[in-house]
Every structure is written in structure tokens, then in C-alpha cells.
2 protein chains.
Amino acid sequence: MELDVEPVARESTAGIIARQLRAAITTGSLAPGAQLGEAELANQFQVSRGPLREAMQRLVQEGLLRSEPHRGLFVVDLEPEDVYDLYAARTAIESAAAIRVIRTDPRPVGELWTAHERMTSAADREDPAAVSDADLEFHERLVALSGSKRLARMMRTLMVETRMCLTALQRTYADVRERVTEHGAIIEAIAAGDERLATALLERHMEDAVRRLAPGTSLFASRSEG
Amino acid sequence: MELDVEPVARESTAGIIARQLRAAITTGSLAPGAQLGEAELANQFQVSRGPLREAMQRLVQEGLLRSEPHRGLFVVDLEPEDVYDLYAARTAIESAAAIRVIRTDPRPVGELWTAHERMTSAADREDPAAVSDADLEFHERLVALSGSKRLARMMRTLMVETRMCLTALQRTYADVRERVTEHGAIIEAIAAGDERLATALLERHMEDAVRRLAPGTSLFASRSEG
DNA sequence: GATCGTATGATTGTCAACAATCCGCGGGTT
DNA sequence: AACCCGCGGATTGTTGACAATCATACGATC
């Protein structure tokens, strides 16, 4: 009787709603700065305000929602400094993930080639949305490969914010080929077990992203600007 | 009329309760694995179950509480693999913070000497609790210095988990002098603007901590064990 | 005697009503 | 015209009650 099944009913209502709210923010149907009316949302989800409020508290903790007591909950709007901060945080998480993959078992890094191929084909048929999807999938899979619960949880939040950036700034940013190439180089560096190279490539990849999103600025320079 | 005051009433009830719950977990009065009875806790906080449940959802999102639907909420108990994971995550966050401090403005790193001194004096009068306090304060201040909202938020959660480790394993771990020395070296490396050295020292500092907590094992080796 | 089924108590999940706060509008005053 | 005051509608915060689920103990059956 040793069949290793996973327990049923493992997700609470608040968890489900939280996931959907995250998705709504990702797609932009909940725009940055928008207020989340409890009555309206509760109606849409077909639940009462109780479970909805519990779910929203999760996103507050994630930093995806901002709470103004007695006034309401709002989708955070990302200031320019947040763009730097976001990508700096991603650099930290993803570099750590890459190192961990290298030190434990670099072999399954090959899985990343599937996301890489998907991104290539999306680029060929010039489908910006699909390109972004594959792009982010690459990064999220990388962190998932590390097997770290904590890195994965942090990454999930950062992914949502990344998409907020992309849709807010309306930049599915060009230079697709360059990004694909960079991804490939990262995979190879990890497969080769070269920590220094992998982290350097990741850092540069992020630098490029920030430059594309907020031209003329750079990572790790948030103090000099407002 | 340009006095820059910060808005009043900026914290919701859920936020306050969440903070107290976090504190209760750090002190160990909410032990790992313990169930959080809603009725009992609500009584202690003198609120109804609604706001309490909202607060608890925040900790679930942080990974400090584990939710078993229709059964209850429990304080997570840290498995051996979590110790590795925790310190790997801390390495990621703190290294990134150090780098960011170096690249923006290394000067205020001097503030860390106060925590360093506090740790030294606590060591002299052989007060293990005060040593741990000063130790963690050092690390948290380092991340705060980075000025990164995201790194700071992640760090707060990791600090709670770190304390859970310490109290659970009953190791305020010895070698106090060694740790103090390491802290000093980290400060100097940052002040000197040496990224490589600072991150290397931080990583080694974490390695040592893991070794002290779970002897015979090492960071980044979670896959080889169960 | 072991196992299954059932009843009971306790706990969690959900809801709708009530209280408190905030926002906008109109009236009045200077 | 600008400002202050206060009212009404709307939204958020909180509560206690109800429904659903789970854990435990007891008794029946094989």
C-alpha cells in the first residue's frame, strides 16, 4: 500500500482567488493603480467578501497590491526605481538559481532548450506575445530547476511584476534575436558548470532588459536619480 | 506648508496581527508544527476571526504558515533541506544587497559597525541571546542599506525562518568570535568596494552557519540527501 | 479481537448584516 | 470667488451566526 499519491483538496479558496488575481494583474485586466472594489470582485468570483479579502491579503504581502486602510486596495504602480529594483532582485534570484543548478546537477538544464526553441519559433513568426511568454518561461523554469522552494516563491512574484513592466511600458522590447542568443549562452554556461560566466551573463541580460525598458539608465544606479 | 509628514493610520489590522504572529514565531511561542486555533488566537488578539484569518493568509504567502484546507493552519516545520534552502536564499539576497550597496554608495556601510560592536559586547558578557540578536540585526541592516524594497521584504521572511532554525536546533551556535570576525571582514570588503570578496565572504559565512546547524552537510548539496 | 460504520463535538469555511470611515456635493459665510 | 461646514451615498472593516468538514469515541458486525 505504498502508492505515493499527493493529497487531494490541497488548495484553499483564498489560494485559488489569489492565483486568479495574480493572473488578472499579469494580463493587465487589473491595471496598475486600479482600485479593487470588493463588492464587484466578489460578485465576479461568486463568493462573499470574506474569502476575497483573504486572497487580497496574500497579494498585499507579495507587494502586488498596496493597502490604504479604510480607502481600499490598489494594484501597485511601478515607479522607475521599481524597475531597477525589480531587475536587481531578479538578478539575485536567478543567479543564485543558476549557481545551485550547477552545484547540484547541471544535467537537467537541457530542459531549458524547449523554452528556448519556443522562443525562437515565436520570434520567427513574429509573435511578440508568444515571445514574451517563452522568454519569461525560460527564466521561471531556470529557477524551478534549482529546486529551491524559497527562490521559486520569490520568483513567482517577480514574474508578475515583470509582466506589469512590459505591458505598462508597452515594450515587448525588440532585439529578439539578441535575447534568444543570450538565453542560449546562459544555458551553455550552466551546462559547462561555469558559475562566473553564467552569473555574468545573467547580470548582463538583466542590464540589457533595464536599458531597453528605461533607456539611459542602468541597474544599481537608483540612488542617483529621483 | 511643505512639511513632509508620513501619513497616519498607515497599517491595517491584518498587518498588525501579522507582525505579532511573526514575532510569536520568532520567539518560539508559536512552535514549528503547532496549529493555530482561530478561536483561541482571536480571543488573545481581541478581534473576531475575520481579521485574524486575513493576517494568517499573509503568513501563508510568506511560507511561514502551511495551510491544510478544512483542517487548519500550522507553523511550518523546517526539514533539513529547508535549512540549506534558507541559507542559499539568504546568500542570494545578501550578496545582491552587498553588491548594490557597493555600486550605489558604499559609505553608509559604516552603520553596520554599530551592530558589530553590539555583537562584540554581547559576546564579551557571554549573552547568547543578545549575540544572536546583534548577529541577525547585522544581516538585516545590510539588506536595508541596499535600499531595495524587494530584497528587504524577502529578507524579513528569511530572518524569521533563521530564528526558527536557531531556536529549533537550540544552537545559538558557538564560535562567536569567528562570526564577529567574519562580519567585520564583510563590512571592510564592502567599504573597499570589492564585490568579489564581499560576496565570497558572505557565501562562506553562510556555509559556516549551515555547517554549524547541520554538521557534515554543505550548502548547495540538497539533492544528494533525502 | 479487529474492522467498519456511525454519532458527536469541535473546528474551519462562508455569509450577510452592522458599524465606521471616506468621498463628493450643496449650502452658507466671509 | 474662495473657503469652511455638514450631510448623504458608497465603500471598507468587523462581527456573530450558520453551513460544511474533520477528528474522535463508541458500538455493531464478522
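Proteins come first, then strands; the chains are lettered A, B, ... in the order of their sequence lines, and each starts at number 1.
- Closest of all the heavy-atom pairs between B/D135 and B/M119 is CA-SD, 3.8 Å.
- Annotation for B/L202 and B/A98: closest pair CD1-CB, 3.9 Å, computed over non-hydrogen atoms.
- Legend: residues meeting side-chain contact (heavy atoms from CB on, under 4.5 Å) with B/R66, ordered by chain and number and at least two apart, are B/E68, B/F74, B/V76, B/D77.
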Look for any protein N or O under 3.5 Å of an N or O in nucleotides 21-24 of chain D and output each such pair with its distance, or none.
unit_1: D/dA23; atom_1: OP1; unit_2: B/R71; atom_2: NE; d: 3.1

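- Along DNA chain C, the nucleotide nearest to A/Q46 and the one nearest to B/Q35 differ in position, and the one closer to the 5' end is contacted by B/Q35.
- Atom CG of B/L36 is separated from atom P of C/dG13 by 12 Å (rounded to the nearest Å).
- Pairing each heavy atom of B/D85 with each of A/K149, the nearest pair is OD2-N, 3.4 Å.
- Between the CD atom of B/E38 and the P atom of D/dG16 there is a distance of 15 Å, given to the nearest Å.
- When atom types are taken as modelled, the side chain of B/D82 and the backbone of B/E79 share a donor-acceptor pair closer than 3.5 angstrom.
- Proximity of A/S12 to the phosphate of C/dG13: no side-chain N or O atom is located under 4.0 Å from OP1 or OP2.
- As a whole-Å value, the separation of A/N43 CG from C/dA16 C1' is 13 Å.
- The backbone N or O of A/P69 lies less than 3.5 Å from no partner atom in the side chain of B/S12, so there is not a single donor-acceptor pair.
- A parallel orientation is assigned to the rings of A/H139 and A/H205, their planes being inclined by less than 30° (bins at 30° and 60°).
- In summary, B/E161 and A/R153 do not engage in a salt bridge, as defined by a charged side-chain N under 4.0 Å from a carboxylate O.
- Near-neighbour residues of DNA chain D inside residues 48-63 of chain A, defined by a heavy atom below 4.0 Å, number-ordered: A/R49, A/R53.
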